> 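Take this structure first; my questions come after.
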Amino acid sequence: MQNYLQELNDVQRQAVTTTEGPVLVVAGPGSGKTRVLTFRIAYLIEQGVLPWQILSLTFTNKSAREMKERIAKVVGDKANQVWAGTFHSTFAKILRVEAEKIGYPSNFTIYDTTDTKSLIKTIIKDLNLNPEKYNVNAVYSRISSAKSNLITPKLYPDMQELMTADKASQRPHIHEIYKTYTARCKKAGAMDFDDLLFQLYYLFHSNPDNVLEKYRKKFQYILVDEFQDTNYLQYAILKKLALYEGSKLNVCAVGDDAQSIYAFRGATVENILDLEKDFKGLQTFKLEQNYRSTDHIVQAANATILFNKKQIRKKIWSDKGVGHKIKVIKALSDTEEGKRVADAIVEQKNRHHLSNSDIAILYRTNAQSRVFEEYLRRYNIHYQVFGGTSFYQRKEVKDLIAYLRLTVNQKDEEALKRVINYPKRGIGKTTLEKLSKFANESDQTLWDCLDQLQVPARTQGLLKNFKLLINTFTQRSTTSDAYELATYIARQSGIIKVLKADTTVEGLSRLENVTSLLDGIKEFVENDEVIEGTEQSDKSLSTYLQNIALHTSLDEEDTGNYVTLMSSHSAKGLEFKSVFVVGLEETLFPSFMSMNSMSAIEEERRLFYVSITRAEELLTLTFASSRYRHGKTVYSEPSRFLSEIPLDHVESNFNIGQPTTSNVAPRARVTGGFKKKRTEAVLSINPADFNPSPSSSIEEGMRVLHLKFGEGEVIKIDGARDKRVATINFNQIDNPERRLMLKFAKLQIL
DNA sequence: TGACTGTGGGTTTTT
DNA sequence: CCCACAGTCA
């Protein structure tokens with residue numbers, strides 16, 4: 001009994017056994033936070049808390065599943081009845097039950113990013129706005145962030161700040177798009193990703209039939225993992241559930257501000273600070289001992305994160321020994337980088353007896369995976385790529401899914417548009433346009449208009465046939481299970497026939513994908529998992545569709561012995577004996593998108609911190625001086641993050657190696673330390689004699705001094721205020737003409 | 001209506 | 001580089 005408590009250190013144990021009242025666990029990388037969460041839940045159950053009174057919100061469904069498995073080892077089957085999942089999936093589950101209270105059907109569709117963007121695009125067109133000004137991505141991100149900050153379409157026009165910003169970006173009509181978008185989603189019985197949170201908040205806020213009390217009573221204990229990555233809306237929901245008159249405030253948040261990497265989608269570290277203000281009596285536990293990595297890695301991480309101004313100071317330490325120093329590899333091109341990494345993997349496997357699954361390659365963008373895949377394949381090393389275009393985003397898979405969606409929810413506009421003429425049945429663009437127009441004007445769904453449209457008799461027949469086809473599917477759904485139905489649909493819709501007709505290699509693989517989608521549905525039907533808190537299982541097609549809509553690349557089953565390839569973001573929470581962080585170049589990692597904002601750079605640095613702390617024993621950092629990007633070769637400097645690592649933790653005589661291609665420029669001589677290579681021209685200016693002038697005083701024509709580049713003349717200044725960029729000719733260095741952001745550049749007027 | 005071709009544009013991370 | 005879209009012709 002309770003043996004497991006002895007496996008914990010003092011702080012961890014306190015974090016587990018302090019079950020009553022609000023708790024914040026600040027957990028550095030590798031500090032055993034999953035352990036604390038798991039044991040805490042197990043402990044709660046042992047103390048007599050009913051499993052379904054525990055709500056545990058994790059980052060991926062997979063980690064929720066793994067957690068349940070580990071809890072089961074302590075308390076047995078009860079573990080399955082804990083409510084554990086991601087914010088989105090858990091809330092979707094609640095909404096399935098309660099949707100009708102807020103005017104949505106319980107079989108509502110979940111619009112993915114593609115659906116959302118497609119709808120926004122349609123609306124921009126419908127409202128006669130200029131699609132060049134109204135960039136879909138920009139509009140989407142405005143709408144998404146409005147929702148994440150609880151700004152309804154009604155409220156939006158009153159938000160001076162938002163309206164001014166929209167005007168400034170020449171998109172003053174965003175609020176109208178937002179309004180129409182919301183209405184269209186509702187009409188289609190669809191929620192986008194943000195709605196799963198937003199509508200749940202709205203449900204709790206408007207509180208029909210006292211539904212809020214029901215869930216407050218139900219969830220007596222709430223745990224939130226990766227709290228630093230929650231947004232304003234998620235925190236607002238948490239407060240709805242746990243912060244009220246008479247609440248026991250049994251909330252446990254686990255997080256690490258240094259690992260916050262989702263600010264770009266609205267996550268805010270402020271939630272950690274607010275927690276203290278909102279939940280009186282909050283007890284904080286800091287887990288600082290790292291059980292994962294050896295000391296060089298831990299110290300490198302500590303040193304790097306110090307470059308961030310915004311942070312809760314905390315020092316991670318490890319007693320796993322100093323371990324190996326960090327290895328840095330310079331490559332001349334992305335291809336060479338691929339080869340060098342593959343070579344290093346072969347070497348490590350031999351020298352350190354690693355198996356494939358001990359190794360991970362982490363990159364900033366998914367597009368970088370290709371070169372590594374090529375070399376690993378060539379070397380016959382098994383690998384698995386996570387993320388990127390997922391299986392469920394493939395065209396043929398989405399097509400079949402669209403039929404399934406339409407069968408479940410006939411109002412689903414995006415699904416209907418996708419399949420109305422696939423496979424080809426003679427309903428073309430013109431007809432679809434007429435249909436949309438008619439639907440908009442008569443305020444009906446596309447589906448309802450199918451048999452009302454005034455078109456030539458032939459077309460009318462086609463439309464009716466299509467409606468009839470889907471209706472047969474829907475009728476069948478009451479009698480057959482999801483698998484039978486999907487198989488039937490795949491055949492009757494003609495999808496299988498079309499795919500079989502294509503005998504090319506790609507065609508074959510498309511057919512295979514559809515088959516494995518069907519297999520997946522079969523598996524879903526045969527799986528005997530039960531719904532949390534009940535003895536029943538839910539095999540409905542609509543539950544299946546929900547699962548795949550919220551499926552993340554990390555939920556993928558990792559069976560077998562593979563080298564892991566994934567983005568740094570996806571690697572959060574994982575660990576490997578050996579980690580390669582690749583593509584460490586300015587404009588790639590840190591991404592060029594982050595380059596003009598300090599806070600964005602700090603987020604990139606946290607991402608770098610997350611990346612390197614995934615490594616237990618071996619850490620290799622690589623960069624390439626040239627890289628093929630968007631069809632062009634681009635050259636870039638090594639990432640600033642490399643130079644932020646103290647040299648004592650880096651292999652001093654790292655081998656630069658020989659270029660792998662024959663006709664590349666001869667490499668500069670190896671000078672050992674890393675720092676020297678980074679600074680292109682080392683000028684002997686004593687920093688003590690250097691007095692930078694305020695950036696606002698820099699004007700064209702002045703002679704200025706720069707610590708690294710020496711003396712130069714300001715040729716030109718463009719941009720205004722804090723966006724001023726100076727073109728300066730530094731005649732003491734090789735590549736004399738430089739463009740510097742005056743906001744950041746330290747220059748002394750001479 | 002549908003197949004085909006050329007142009008042009010964007011260019012991160014994810015639920 | 002790759003994808004989406006507009007324009008052309010049968």
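In what follows, chains carry the letters A, B, and so on, assigned in the order in which the sequence lines appear, proteins first and then strands, with residues in each chain numbered from 1. Computed from a prediction, not measured in an experiment: that's the story for all the values here.
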> Does a nitrogen or oxygen in the side chain of A/Thr431 sit under 4.0 Å from OP1 or OP2 of B/dT1?
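For B/dT1, OP1/OP2 do have a side-chain N/O of A/Thr431 under 4.0 Å.
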> Send over the distance from A/Glu586 CD to B/dT12 C1', rounded to a whole Å.
16 Å
> If I take atom CZ in residue A/Arg606 and atom P in nucleotide B/dT13, what distance separates them, rounded to the nearest angstrom?
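In whole Å, B/dT13 P and A/Arg606 CZ are 18 Å from each other.
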> Is a side-chain donor-acceptor pair under 3.5 Å present for A/Glu98 with A/Tyr215?
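Yes, A/Glu98 and A/Tyr215 have a side-chain donor paired with an acceptor closer than 3.5 Å.
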> Would you tell me if any nitrogen or oxygen in the side chain of A/Asn366 comes within less than 4.0 Å of OP1 or OP2 on B/dT13?
yes
> Any side-chain N or O of A/Asn421 less than 4.0 Å from the OP1 or OP2 oxygen of B/dG2?
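Answer is yes, contact under 4.0 Å.
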> Less than 4.0 angstrom between a side-chain N/O of A/Arg364 and OP1 or OP2 of B/dT14, yes or no?
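Indeed not, no polar side-chain atom of A/Arg364 lies that close.
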> Tell me the interatomic distance from A/Lys395, atom NZ, to C/dA4, atom P, rounded to whole angstroms.
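Spelled out: NZ on A/Lys395 to P on C/dA4 is 11 Å.
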> Is the A/His569-A/Phe264 ring centre distance short of 6.0 angstrom?
yes
> Of the nucleotides B/dT15, B/dT14, B/dT12, which one has an atom closest to the side chain of A/Thr86?
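Out of B/dT15, B/dT14, B/dT12, the nucleotide with an atom closest to A/Thr86's side chain is B/dT15.
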> Using the benzene-type ring in the case of Trp, are the ring centres of A/Phe91 and A/Phe87 under 6.0 Å apart?
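Between A/Phe91 and A/Phe87, the centre distance is under 6.0 Å.
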> Pick the nucleotide of DNA chain B nearest each of A/Ile427 and A/Thr60; which residue has the one closer to the 5' end?
A/Ile427
> Using a cut-off of strictly less than 4.0 Å, decide whether A/Ser89 has a side-chain nitrogen or oxygen near OP1 or OP2 of B/dT15.
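No, no such contact exists.
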> Mind checking the P distance from C/dA4 to B/dT13? Whole angstroms is fine.
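Taking atom P in both C/dA4 and B/dT13, they lie 16 Å apart.
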> Using OP1 and OP2 only, check whether a side-chain N or O of A/Ser594 sits under 4.0 Å from B/dT12.
no
> Whole angstrom is fine here: how far is it from CD1 in A/Ile124 over to P in C/dC5?
12 Å
> Consider the side chain of A/Ser567, meaning its heavy atoms from C-beta on, and name the nucleotide among B/dT15, B/dT12, B/dT13 that approaches it most closely.
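Looking only at heavy atoms from C-beta outward on A/Ser567, the closest nucleotide is B/dT13.
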> Could you say whether the aromatic ring of A/Phe87 and the base of B/dT15 stack, counting only centre distances under 5.5 Å and plane angles under 30°?
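Not stacked: fails the 5.5 Å / 30° test.
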> Is the distance between the ring centroids of A/Tyr262 and A/Phe59 less than 6.0 Å?
yes
> Rounding to a whole Å, what distance do you find between A/His88:NE2 and B/dT14:C1'?
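Result: 9 Å.
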> Please report the distance, rounded to the nearest Å, between CE in A/Met595 and C1' in B/dT12.
13 Å
> Can you tell me how far apart CD (A/Glu373) and CD (A/Gln368) are? Round to the nearest 0.5 Å.
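A/Glu373 atom CD to A/Gln368 atom CD measures 12.0 Å (nearest 0.5 Å).
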> Taking the nucleotide of DNA chain B with the closest heavy atom to each, which residue, A/Thr459 or A/Glu604, is nearer the 5' end?
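With A/Thr459 and A/Glu604 compared, the 5'-side residue is A/Thr459.
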> Using a heavy-atom cut-off of 4.0 Å across all strands, would you classify A/Lys424 as base, sugar-phosphate, or nothing?
sugar-phosphate
> Check whether any side-chain nitrogen or oxygen of A/Lys121 sits under 4.0 Å from OP1 or OP2 of C/dC5, and answer yes or no.
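For C/dC5, OP1/OP2 do have a side-chain N/O of A/Lys121 under 4.0 Å.
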> Starting at atom CG of A/Asn137, determine the distance to atom C1' of B/dT13, rounded to an integer number of angstrom.
13 Å
> Is the closest side-chain donor-acceptor distance between A/Ser63 and A/Thr60 under 3.5 Å?
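A/Ser63 vs A/Thr60: donor-acceptor pair found between side chains.
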> Could you tell me the separation between the CZ atom of A/Phe466 and the P atom of B/dT1, rounded to a whole number of Å?
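Taking atom P of B/dT1 as the reference, CZ of A/Phe466 is at 16 Å.
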